[in-house]
Every structure is written in C-alpha cells, then in structure tokens.
Amino acid sequence: MPHWRGGVVTTYPVEKGIITAASQHPDASYAAVELACALCHEHLGFVLFFCSAEYDLAGLAAALERSFPSTPLSGCTTAGEITPLGYDRGSIVAMGFDRRWFAIETALIDDLDHFELTNAQPLVDTLLERCRRQAVAPINEHSFALTLLDGLSSREEQVLATLDAALGRIPSFGGSAGDDNHLSHTHVYTAGRFHTRAAVVVMINTQLPFDVFSTHHLTPMAHKLVVTEANREQRRVIELNGLPAAQVYADLVGVAPAQLNAAIFAHHPLAVRIGGQHYVRSIQRVNSDSSLSFYCAVENGIVLTAMQPTPLLDNLEEMLAGVSARLGTPSVIIACDCFLRRMELEALAHLDQASQLLRQAGVVGFNTYGEQHHGMHVNQTFTGVAFGSLPANDNH
C-alpha cells in the first residue's frame with residue numbers, strides 16, 4: 001500500500017516495469033529531488049509527469065533536468081492530480097518506465113494551427129522507427145500513442161484527427177493540459193521546458209499487455225437542441241433553436257440564466273451523436289451576450305442531445321472491473337479524468353470514495369480540460385491505458 005513519507009508517496013513495482021511516485025512539496029527543487037529519489041534506478045528510461053500549474057514552471061523545468069540529467073521527460077500541467085493515494089491538488093505525480101520493457105519516443109508539435117497530414121505522417125513514422133530500433137517488442141500490436149495538448153489552444157480536434165489518420169491502427173489516448181481551473185495558461189513539457197499552444201506526442205512500445213479505454217457515466221435524454229448560430233473558431237454557440245443559447249439551456253435545466261455556473265454545466269452536459277455514440281460537448285462559460293462557450297468543437301447545424309448523469313462511482317467501479325476482466329489485475333493505470341467529473345464528485349462529497357477506488361486499482365494521472373480517445377476530443381470521460389503484467393518467466 002503506498003503512503004506519504006514526508007512529502008513524497010511512491011509505489012515500487014519495479015518488476016512490473018513502471019514505478020509511480022508523487023510529491024506534495026511546494027518547492028519545485030525539493031519536489032524534483034523527491035521524485036528522483038523514488039524513481040531513479042539503473043534501468044530508468046523515461047519519466048512522464050503531471051504537475052499543478054501553481055508551481056514555478058521555469059524553476060520546475062530546471063529542477064527536473066537537474067534531477068534526471070540523462071532521462072527524457074514529458075508531461076503537462078493539470079486541473080488536479082491523481083497520485084498513488086488518489087485525488088490531490090498542488091502536487092506532481094510521475095511515472096518512471098523501465099527501458100527493458102518500454103521503448104518510448106516523443107515529439108513536440110509547436111505549430112498547432114498548421115499541423116497537417118504532411119507533418120503528421122513523418123512525425124509518426126519517425127517515432128515508430130526510433131522505437132523499433134530499441135527492439136523491445138514488435139511495433140504494430142505492441143504500441144500506442146499518448147497525446148498531451150495545450151488545453152486552451154482550441155486546436156484539439158484538428159490536431160487529433162490529423163494524428164489519428166497518420167497513426168492508422170495504432171491506438172491513442174490523451175488529455176488536454178489544465179491550470180487548476182483558472183482557464184488562463186496551460187502548458188505541455190518536453191525537451192527541458194514548458195510550452196504553450198503546443199502538443200507532445202509520446203509513442204510507447206512495450207512488452208506488457210495493455211488496454212486503452214474510455215468511459216463516461218452519462219445517458220441521453222429526449223431533449224434535442226439545434227445549433228442555429230455558432231462561431232466555430234471560438235467554440236461559441238450564439239443561438240440554440242433560433243433563440244439566445246444561454247436562455248434555451250437555462251430553460252432546459254430549470255434555472256435562470258444568471259444562475260448558470262460550472263457545477264450546473266457539469267451536471268447537465270450536452271452531447272453530439274456520431275456513429276451511434278454520444279460524445280459530450282461540455283459548456284465552459286456563459287458570455288455577456290448570452291452565448292455559450294464550449295470546451296469542444298461546435299458548429300452550425302449540429303444537434304445537441306441533453307445528457308443526464310448516472311451514479312459516477314458505479315460507473316468507475318464497473319469500468320475498473322471491465323479492465324481487470326480483459327487484462328487481468330492491472331499493474332498500473334494511467335488516467336486522463338475530466339475536471340468536470342472531479343467537480344461532480346466534490347459536489348456530491350464522493351471524492352474520498354473515488355480516491356479509494358483509484359488507489360486500490362493502481363491509478364495515477366491527472367484532471368484534464370478535455371480527453372482524447374482514438375482521434376476524438378471529448379469531455380467528461382475517464383480515459384486512459386491499463387498495463388498488465390508480464391508472465392513471471394518473462395521478468396528480467
């Protein structure tokens with residue numbers, strides 16, 4: 001069972017190929033040292049981390065590079081962390097990957113506005129070739145991509161669709177970086193520094209069995225809303241059913257427009273139906289002109305379905321049981337969990353119960369401003385990858 005020791009909590013499944021650790025120390029230098037003490041060993045090949053945006057990010061970047069001088073790192077800022085003990089804030093959680101079981105390569109996309117297939121295909125091909133040279137596992141059936149994007153860039157849909165076309169059959173998932181719910185500055189990290197309006201692609205090739213998954217606890221209602229006027233670039237819906245968007249939505253959920261807030265948006269989401277599935281389009285805020293800003297793409301003519309939540313804890317428990325049924329008991333699960341789900345858990349006073357479930361299942365990760373799954377940008381999901389264990393006779 002993991003537990004806090006001073007400012008750091010850690011688990012030591014070295015034989016599983018991944019060590020997880022977290023530090024609550026507010027000083028970036030101390031936090032980086034604590035993580036290095038927990039994660040460093042002779043076979044460490046890569047570190048993935050998720051950190052509170054409250055850290056001095058320039059100082060944290062320098063401290064991480066000092067503490068892991070020969071190990072590549074990638075990560076992003078969060079809207080809350082999931083440590084080996086469950087939900088947290090103001091901390092940094094990290095995973096150390098053993099190079100004997102993992103070949104991991106990364107690439108930075110620093111021009112999201114002009115990222116096209118002509119950029120994506122060579123990027124993916126290069127990452128796969130670099131993984132192939134390490135001869136850890138066959139590439140095609142033993143690889144997946146993790147994507148971390150600036151959560152305020154509004155470019156997720158274009159970048160993800162383009163990447164998905166280049167990845168082909170290789171599965172992918174990821175999350176949009178957060179900033180502790182301030183909605184002002186989000187960052188991704190690679191090659192020694194934090195970046196804005198950028199994305200990091202992490203290609204992971206492994207001997208371990210894995211399962212990329214996504215779940216949500218929302219079911220469709222009968223109510224339909226047609227977007228009759230929208231600003232696609234700003235992800236802004238001006239009219240629904242020919243009337244001011246905020247008024248129509250407020251009438252739907254039974255409150256006055258002035259009462260609309262993040263908690264109501266989290267509890268009464270809207271979704272678009274694509275290919276028989278509902279993909280949530282969460283509302284970010286009400287604007288002074290009675291328009292609604294969304295976290296995901298919206299455009300004229302789409303039909304939005306009102307969604308209602310089912311018990312979130314039940315859905316989480318069912319999802320974790322399903323992963324275990326498909327994979328066996330996971331050694332580690334890396335999760336991208338929408339910050340709106342966390343807000344709902346907090347409002348219901350269920351955060352401790354959820355933390356217990358995550359802790360028992362070996363989940364680490366972060367709360368996001370949006371999740372990514374097989375090229376789709378979605379909201380209010382719990383999306384990630386679960387790793388199984390190698391057979392005992394395969395351990396190095």
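All values derive from a computational prediction rather than experimental measurement.
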Closest heavy-atom pair, Pro171 versus Val212, reported as atoms and distance to 0.1 Å, is CB-CG2, 4.2 Å
Practice item. Test side-chain contact (heavy atoms from CB on, under 4.5 Å) on Thr77 and Phe50 and set out the steps. Key: CA-CA 6 Å; Thr77 55; Phe50 308 120; over 6 Å; no
Would you say Leu252 ends up clustered with Val286 if hydrophobic residues are merged whenever their side chains have heavy atoms under 4.5 Å apart, either directly or through other cluster members? yes
ask   = For the residue pair Phe339 and Phe366, is the inter-centroid distance of their aromatic rings smaller than 6.0 Å?
value = no
Correct closest heavy-atom pair for His142 and Phe210 would be C-CE2, 3.7 Å
The residue among Val93, Leu73, Leu148, Ile104 that forms side-chain contact (heavy atoms from CB on, under 4.5 Å) with Leu48 is Leu148
So CD of Glu116 and CG of Asp111: to nearest 0.5 Å the spacing works out to 9.5 Å
#### Entry: Asp150 and Arg197 ion-paired at < 4.0 Å
no
inquiry  = Testing the 3.5 Å rule here: is there a donor-acceptor pair between the side chains of Ser91 and Asp88?
reply    = yes
Are Val323 and Val364 co-members of a hydrophobic cluster defined by side-chain heavy atoms under 4.5 Å apart?
no
Closest heavy-atom pair, Ile333 versus Ala361, reported as atoms and distance to 0.1 Å, is CD1-O, 3.9 Å
Exercise. With side chain to side chain donor-acceptor pair (under 3.5 Å) as the test, would you mind laying out the steps for Ser293 and Gln284 before giving the verdict?
Key: CA-CA 5 Å; Ser293 292; Gln284 183 182 122; 5.6 Å; no
Handout entry: Same apolar cluster (I L V M F W Y, side chains within < 4.5 Å links), Phe382/Leu149
Key = no
inquiry  = With a 4.5 Å cut-off on side-chain heavy atoms, are Val227 and Leu304 touching?
reply    = yes
Run the side chain to side chain donor-acceptor pair (under 3.5 Å) check on Thr329 and Ser324 step by step: do they pass?
CA-CA 5 Å; Thr329 301; Ser324 293; 5.1 Å; no
**Report entry** Phe213/Phe173 aromatic ring centres below 6.0 Å
**Finding:** no
Report task. Decide whether Ser291 and Arg236 meet the rule of one side-chain donor and one side-chain acceptor closer than 3.5 Å. Result -> yes
In short, Pro269 meets Leu218 closest at the heavy-atom pair CG-CD1, 3.7 Å
Take Val378 and Gln277 through the test side-chain contact (heavy atoms from CB on, under 4.5 Å) and record every step on the way to the result. CA-CA 12 Å; Val378 290; Gln277 299 289 323; over 6 Å; no
Please check if the side chain of Glu371 supplies one atom and the backbone of Thr381 the other of a donor-acceptor pair under 3.5 Å. yes
Without swapping roles, check the side chain of Asn241 against the backbone of Val226 for a donor-acceptor pair under 3.5 Å.
yes
- Any idea how Phe97 and Phe387 line up, ring-wise: parallel (<30°), tilted (30 to 60°), or perpendicular (>60°)? perpendicular
| Heavy-atom check, side chain of His216 versus side chain of Gln380, under 4.5 Å | no
Donor-acceptor pair, Gln372 side chain versus Gly175 backbone, under 3.5 Å? yes
| said: So Leu160 and Phe115, do their side chains get closer than 4.5 Å, heavy atoms only? | reply: no
Mind running side-chain contact (heavy atoms from CB on, under 4.5 Å) on Thr305 and Val272 for me, showing each step along the way?
CA-CA 6 Å; Thr305 300; Val272 60; over 6 Å; no
*asked:* Quick one about Thr228 and Asn300 (side-chain donor to acceptor, distance below 3.5 Å, no hydrogens or angles considered), yes or no?
replied: no
Quiz item: Is it true that a side-chain atom of Thr368 and a backbone atom of Cys336 form a donor plus acceptor pair closer than 3.5 Å?
Solution: no
Measure from the side-chain N and O atoms of Arg99 to the backbone N and O of Glu42, and report whether any donor-acceptor pair falls under 3.5 Å.
yes
- Task: Apply side chain to side chain donor-acceptor pair (under 3.5 Å) to the pair Arg359 and Thr83, showing each step before the final yes or no.
- Result: CA-CA 8 Å; Arg359 181 169 64 247; Thr83 77; over 6 Å; no
query: Any donor and acceptor pair, going by atom type alone, linking the side chain of Gln134 with main-chain N or O of Ala103 inside 3.5 Å?
result: no
Can you check whether Thr78's main-chain N or O pairs, donor with acceptor, with Asp179's side chain at less than 3.5 Å? no
- Query: Are any non-hydrogen side-chain atoms of Ser52 and Asp180 less than 4.5 angstrom apart?
  - Reply: yes
Quick one: does Asp314's side chain get under 4.5 Å of Glu318's, heavy atoms only? no
Checklist entry - Got Arg342 and Tyr87 here, is their nearest side-chain heavy-atom distance under 4.5 Å? => result yes
message: For the backbone of His268 and the side chain of Tyr249, can you confirm whether one donor and one acceptor N or O come within less than 3.5 Å of each other?
response: yes
Please determine whether side-chain contact (heavy atoms from CB on, under 4.5 Å) holds for the pair Val201 and Thr106, giving the CA-CA distance in whole Å, both sets of side-chain angles, and the decisive distance to 0.1 Å. CA-CA 6 Å; Val201 182; Thr106 65; over 6 Å; no
ask   = Given side chains that start at C-beta, do those of Val332 and Val385 come closer than 4.5 Å, heavy atoms only?
value = no
task: Indicate yes or no for a side-chain donor-acceptor contact from His182 to the backbone of Ser184 under 3.5 Å, with no hydrogens or angles considered.
output: no
query: Charged N to carboxylate O below 4.0 Å: is that the case for Arg193 and Glu65?
result: no
As a quick check of understanding, evaluate salt bridge (Lys or Arg N to Asp or Glu O under 4.0 Å) for Arg341 and Glu344, giving each step before the final call. CA-CA 5 Å; Arg341 289 169 54 92; Glu344 182 177 339; over 6 Å; no
#### Entry: Salt bridge flag under 4.0 Å for residues Arg235 and Glu156
yes
Asp211 (side chain) donor-acceptor with Leu327 (main chain) under 3.5 angstrom: no
- Please test Glu54 against Arg89 for salt bridge (Lys or Arg N to Asp or Glu O under 4.0 Å), starting from the C-alpha separation and ending with a verdict. CA-CA 9 Å; Glu54 299 301 319; Arg89 285 198 188 279; over 6 Å; no
Quiz item: Mind checking whether Tyr189 and Phe49 have parallel, tilted or perpendicular rings, split at 30° and 60°?
Solution: perpendicular
### Task
Indicate if Tyr55 and Leu35 have the same hydrophobic cluster label, given that clusters are the connected sets of ILVMFWY residues with side-chain heavy-atom separations under 4.5 angstrom.
yes
Minimal heavy-atom distance between Ala165 and Gln121, with the atoms involved, is O-OE1, 4.3 Å
Do Glu317 and Leu357 make a side-chain contact, defined as non-hydrogen atoms from C-beta onward lying under 4.5 Å apart?
yes
To the nearest 0.5 Å, atom SG of Cys51 lies from atom CG of Leu60 at 5.0 Å
Check whether Met221 and Ile283 end up in the same hydrophobic cluster, where Ile, Leu, Val, Met, Phe, Trp and Tyr are linked by side-chain heavy atoms less than 4.5 Å apart. no
Report task. Decide whether Gln356 and Asp352 meet the rule of one side-chain donor and one side-chain acceptor closer than 3.5 Å. Result -> no
Closest non-hydrogen contact found for Gly90 with Glu81 is N-OE1, 3.1 Å
